[in-house]
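Encoded as structure tokens, the structure appears first; notes follow it.
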Amino acid sequence: SQKIEQNSEALNIQEGKTATLTCNYTNYSPAYLQWYRQDPGRGPVFLLLIRENEKEKRKERLKVTFDTTLKQSLFHITASQPADSATYLCALAPSGGGADGLTFGKGTHLIIQP
Amino acid sequence: DAGITQSPRHKVTETGTPVTLRCHQTENHRYMYWYRQDPGHGLRLIHYSYGVKDTDKGEVSDGYSVSRSKTEDFLLTLESATSSQTSVYFCATHTRDSYEQYFGPGTRLTVT
């Protein structure tokens with residue numbers, strides 16, 4: 001069956017360091033992969049999308065890599081700040097376009113300590 | 001929040017009663033979704049719509065129905081609520097242009 005796995009444990013990082021979150025998937029051939037941020041009591045907010053033919057994507061302090069051979073995406077936050085503390089969700093579109101919905105991982109809770 | 005509102009934001013109801021949750025968007029997005037989020041499961045797709053009166057089932061559709069009579073509104077109905085439907089429900093919209101989904105603030109539903 002199709003599965004998306006993210007670090008289930010909370011990730012504690014010291015302020016200023018790089019936080020790296022992992023998303024592994026099985027039995028998918030996604031055309032692209034997305035990352036979302038979710039704060040307590042709020043809906044997810046889109047951060048980045050990376051396509052299957054892209055190895056890396058950057059946006060300000062965020063970097064995403066996508067290895068379709070390993071079936072893995074890594075999400076990096078450089079120069080982390082306490083305001084980056086949140087739950088980060090990885091999402092795949094099973095049929096490519098995403099029009100029929102996304103499949104989400106359970107999320108990784110990131111805590112940036114001052 | 002890309003002009004997406006959900007109502008009510010919180011609801012407590014009893015087992016066996018019907019419940020309707022409303023999602024309203026002002027972005028004229030064609031695609032709309034209902035997800036539920038539970039501890040240990042993450043976000044799971046309930047139903048989605050690809051246009052007015054066009055809907056389809058998602059991963060966890062049993063016990064839920066939806067309707068979309070206008071582009072801006074997508075309703076989720078629990079015909080007879082059960083305690084297993086206690087959850088946080090999120091509505092989302094999507095455009096073909098960007099692939100990203102825009103989420104509403106969520107509705108916390110408790111079925112006692």
Side-chain angles (χ1 to χ4, degrees), chain A residues 1-10 21 23-25 27-28 30-54 57 59 62 64 66 86-109, chain B residues 1-6 9-10 21 23-25 27 29-51 54-61 64 66 74 76 87-108:
Chain A
S1 63
Q2 296 173 326
K3 218 181 202 184
I4 302 174
E5 290 185 352
Q6 297 185 249
N7 313 63
S8 58
E9 301 293 326
L21 285 64
C23 175
N24 295 297
Y25 60 92
N27 297 324
Y28 277 104
Y32 60 86
L33 184 147
Q34 300 183 18
W35 284 89
Y36 288 77
R37 169 183 172 142
Q38 187 174 23
D39 292 289
R42 306 196 69 168
V45 174
F46 172 80
L47 294 175
L48 278 169
L49 177 151
I50 186 165
R51 302 178 192 280
E52 61 178 342
N53 60 350
E54 297 175 318
K57 200 82 168 279
K59 179 182 175 183
L62 308 180
V64 173
F66 193 12
T87 297
Y88 291 85
L89 308 174
C90 165
L92 297 174
S95 64
D100 50 354
L102 297 175
T103 300
F104 285 84
K106 295 176 186 178
T108 297
H109 184 44
Chain B
D1 291 331
I4 301 171
T5 56
Q6 294 185 231
R9 292 294 314 279
H10 302 271
L21 308 183
C23 176
H24 179 79
Q25 58 129 337
E27 302 296 317
H29 289 170
R30 176 181 171 187
Y31 301 94
M32 297 185 74
Y33 308 86
W34 278 107
Y35 294 90
R36 60 178 288 176
Q37 188 172 38
D38 305 287
H41 286 282
L43 280 157
R44 291 180 292 173
L45 182 66
I46 306 172
H47 280 280
Y48 63 99
S49 170
Y50 43 96
D54 291 323
T55 65
D56 207 343
K57 296 178 180 179
E59 177 190 357
V60 291
S61 60
Y64 301 95
V66 289
F74 193 31
L76 177 71
S87 187
V88 180
Y89 291 85
F90 288 100
C91 173
T93 67
H94 162 90
T95 67
R96 276 284 194 182
D97 298 338
S98 65
Y99 298 109
E100 67 184 90
Q101 292 198 358
Y102 303 90
F103 284 82
T107 293
R108 182 172 294 276

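Numbered from 1 within each chain, the chains take letters A, B, ... in sequence-line order.
Under the salt bridge (Lys or Arg N to Asp or Glu O under 4.0 Å) criterion, Asp39(A) pairs with Arg37(A), sequence neighbours left out. In this structure, His41(B) has no side chain to side chain donor-acceptor pair (under 3.5 Å) partners at least two apart in sequence or on a different chain.
For Leu89(A), the part sitting under 4.5 Å from any heavy atom of chain B is the side chain, from C-beta outward, and nothing else. Heavy-atom distances place the side chain of Tyr31(B), and not its backbone, under 4.5 Å from chain A. Leu45(B) touches chain A through its side chain: at least one heavy atom from C-beta onward sits under 4.5 Å away, while N, CA, C and O do not. For Gln38(A), the part lying under 4.5 angstrom from a heavy atom of chain B is the side chain only. Neither the backbone nor the side chain of Glu59(B) comes within contact range of chain A; no heavy atoms are under 4.5 Å apart.
Summarising the geometry, atom CZ belonging to Phe104(A) is positioned 5.0 Å from atom OH belonging to Tyr35(B); distances are rounded to the nearest 0.5 Å.
Judged by distance alone, with hydrogens and angles left aside, the side-chain atoms of Lys106(A) form a donor-acceptor pair with the main-chain N or O of Gly40(B) at under 3.5 Å.
Within 6.0 Å of atom NZ in Lys57(B), 12 or fewer heavy atoms from other residues, nucleotides or ligands are found, so the atom counts as exposed in its surroundings. Residue-environment remark: CZ (Arg44(B)) exceeds the threshold of 12 foreign heavy atoms within 6.0 Å.
A donor atom on one side chain and an acceptor atom on the other are not found under 3.5 Å apart for Gln101(B) and Gln34(A).
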